[in-house]
Amino acid sequence: KAEKSGYGRIEFYIPDKQNHSYDELVLYNDMHEALERNQFEVYYQPIVDAKSKEIVSAEALIRWRHPKYGMIRPDIFIPIMEKTGFIVELGKFVLDEVLKQQKRWELFKFREVEVSINLSLLEIETGNFVENVIDRLKYHQANPELIKFEITEGLAMQDEERSSQHFIELRKLGVGIVLDDFGTGYTSFSYLKRFPATILKIDKILIDYIMTNEEDQRIVQSIIDLGHSLGMKIVVEGIETLEMADLIESYGCDYMQGFYFAKPLPVFEFQKLLR
Ligand code: C2E
Ligand code: CA
Ligand code: CA
Ligand code: CA
């Protein structure tokens, strides 16, 4: 919940979590230094094959280790970064970190791990987004097939033409495109047909009551079938119990992600699961 509190400040309160309120101005001021001081850290949440339950990929999720506030979750600082434009710099940092990490895994003979990176609309709209990606892939001598970008359904629709164009270019390189949080926006069938996604990620909101709500069951089953018929793979996120995993596997989804399998983990912890 965000509340105005004099001088145009907005303080963010996290209900039911720690009793922190974050001062937007403080966070804004701290951002630039935070990058230089290595306070941002990429966490990795495993994504498993629905049948074998083996880890096939991971989602990169950013964390900020703030000297005063402790670990801040992205829901708090990403909106501020989107307003101030700093998200573009952070996005470049995340891409570089992930590409570096994949090289290390290759060097130390870990399994190949595809990694999904979240994008904000501003990153895509900033002039040289695609050029920067190509440049970084080259710099790290990376395999583009191991990188995917996630864009939420709502954001992708806001600037459909431009984002589609960029994603088509990235797909030509072998980079995957995930339509994230699917089921929360207002995508039409014609849009879904045109959008160059390789993967559709069904939002947790459609999963939360799936064990008891038959309508949700039918909706999720239908989305999985629809995605498949359009040539996409399906990830279901937010899986928290074995029962949910079993039910959703029976619907024929391809990949699963959620606390039942693992939370987002620091790279050291994530690596242990790869062994
Ligand atoms: P998202 O892309 O929808 O990421 C999934 C969020 O759900 C993550 O929250 C993850 O920790 C959480 N989650 C995963 N499995 C479960 C589960 O089983 N139960 C529950 N309750 N939650 C689960 P997180 O890490 O706090 O990230 C929040 C959002 O911040 C992300 O939502 C994404 O939109 C954004 N974000 C994170 N990292 C980045 C980044 O590097 N760049 C950009 N632009 N956005 C990012
Ligand atoms: Ca995501
Ligand atoms: Ca999501
Ligand atoms: Ca989300």
Side-chain angles (χ1 to χ4, degrees), residues 12 14 16-18 22 31 34-35 39-48 55 57-65 71-99 101 114-126 129 133 147-156 158 163 176-185 197-211 223 234-245 248 255-267 269-270:
F12 288 82
I14 312 187
D16 73 42
K17 281 260 162 167
Q18 316 106 310
Y22 299 94
M31 263 168 210
L35 199 55
Q39 288 168 9
F40 291 107
E41 188 176 344
V42 176
Y43 274 39
Y44 294 85
Q45 186 178 30
I47 299 174
V48 306
I55 298 175
S57 60
E59 178 171 6
L61 293 159
I62 194 75
R63 299 288 182 268
W64 181 357
R65 220 181 275 283
M71 193 68 97
I72 315 180
R73 295 198 15 202
D75 294 330
I76 305 295
F77 60 85
I78 298 257
I80 305 173
M81 289 182 174
E82 286 173 338
K83 265 195 280 181
T84 60
F86 191 74
I87 192 71
V88 176
E89 258 178 86
L90 186 79
K92 288 181 179 170
F93 166 79
V94 172
L95 177 61
D96 264 327
E97 282 295 297
V98 167
L99 291 172
Q101 191 55 59
E114 295 176 20
V115 178
S116 285
I117 297 172
N118 290 285
L119 286 179
S120 295
L121 191 59
L122 196 63
E123 299 176 63
I124 309 167
E125 289 182 325
T126 301
F129 168 66
V133 173
I147 290 291
K148 292 191 273 263
F149 286 109
E150 303 199 356
I151 181 95
T152 61
E153 185 192 4
L155 282 184
Q158 273 181 38
S163 44
I177 306 297
V178 181
L179 196 54
D180 194 7
D181 292 0
F182 190 80
T184 57
T198 48
I199 293 182
L200 216 149
K201 192 185 272 197
I202 300 179
D203 195 76
K204 183 177 180 304
I205 228 166
L206 288 174
I207 307 305
D208 282 339
Y209 304 102
I210 195 139
M211 295 317 297
I223 295 175
I234 313 291
V235 186
V236 175
E237 70 178 352
I239 296 184
E240 293 184 345
T241 65
L242 174 62
E243 291 70 31
M244 283 163 125
I248 285 155
Y255 309 111
M256 302 197 260
Q257 176 181 1
F259 293 172
Y260 172 66
F261 300 103
K263 294 197 167 175
L265 301 167
V267 69
E269 298 291 322
F270 174 72

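Each ligand, and each atom within it, is numbered from 1 in the order the structure gives.
- Annotation for ligand 1: atoms under 4.0 Å from non-hydrogen atoms of Glu59 are 2 (O), 4 (O).
- With Ile72, Ile207, Ile76, Asp181 as candidates, the residue nearest to atom 3 (O) of ligand 1 on a non-hydrogen basis is Asp181.
- Nearest N/O/S atom of Glu59 relative to the Ca ion (ligand 2): this is OE2.
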Using distance only, find each side-chain donor-acceptor pair of residues 84-92 under 3.5 Å and give its atom names and separation, not counting sequence neighbours.
| from | atom 1 | to | atom 2 | distance (Å) |
| --- | --- | --- | --- | --- |
| Thr84 | OG1 | Ile80 | O | 3.1 |
| Thr84 | OG1 | Met81 | O | 3.4 |
| Thr84 | OG1 | Phe86 | N | 3.4 |

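- Contact between Lys201 and ligand 1 is absent, with no heavy atom of the residue lying under 4.0 Å from the ligand.
- Between Phe40 and Trp64, the two ring planes are tilted [angle within 30° to 60°].
- Heavy-atom separations between Arg63 and ligand 1 include at least one value shorter than 4.0 Å.
- For Asp181, the N/O/S atom at the shortest distance from the Ca ion (ligand 3) is named OD1.
- Not a single heavy atom of Met81 sits closer than 4.0 Å to an atom of ligand 1.
- Using 4.0 Å as the threshold, Glu123 has a heavy atom nearer than that to some atom of ligand 1.
- Heavy atoms of Gly91 stay at 4.0 angstrom or farther from ligand 1.
- Of the polar atoms of Leu90, none of the N or O atoms is found under 3.5 Å from an N or O of ligand 1, judged by distance alone.
- With contacts defined as side-chain heavy-atom distances shorter than 4.5 Å, the pair Met71/Tyr43 qualifies.
- Contact annotation for Val42 and ligand 1: no heavy atom of the residue comes within less than 4.0 Å of the ligand.
- Counting heavy atoms from C-beta outward, Tyr260 and Met244 have side chains that stay 4.5 Å or more apart.
- At least one N or O atom of Asn118, backbone or side chain, sits closer than 3.5 Å to an N or O atom of ligand 1.
- In this structure, Glu240 and Ile207 have side chains that are not in contact, with every pair of non-hydrogen atoms separated by 4.5 Å or more.
- Under 4.0 angstrom from ligand 1, the non-hydrogen atoms of Pro264 all belong to its side chain.
- Heavy atoms of Val94 found under 4.0 angstrom from ligand 1 belong exclusively to the side chain.
- For Asp203, no heavy-atom contact with ligand 1 is shorter than 4.0 Å.
- The distance from the Ca ion (ligand 3) to the nearest N/O/S atom of Asp180 is under 3.0 Å.
- Between Gln257 and ligand 1, no pair of N/O atoms sits closer than 3.5 Å.
- Near Leu119, the atoms of ligand 1 lying under 4.0 angstrom from a non-hydrogen atom of the residue are 44 (N).
- Angle subtended at the Ca ion (ligand 2) by Asn118 OD1 and Glu150 OE1: 100°, rounded to 10 degrees.
- Contact annotation: Asp203 places no N, O or S atom under 3.0 Å from the Ca ion (ligand 3).
- Under a 4.0 Å criterion applied to the non-hydrogen atoms of Gly258, ligand 1 contributes the atoms 15 (N), 18 (O).
- Counting heavy atoms only, Leu61 comes closest to atom 37 (C) of ligand 1 of the residues Leu61, Ile47, Leu155, Leu122.
- Checked by atom type and distance alone, the side chain of Glu153 never pairs as donor or acceptor with a backbone atom of Leu179 at under 3.5 Å.
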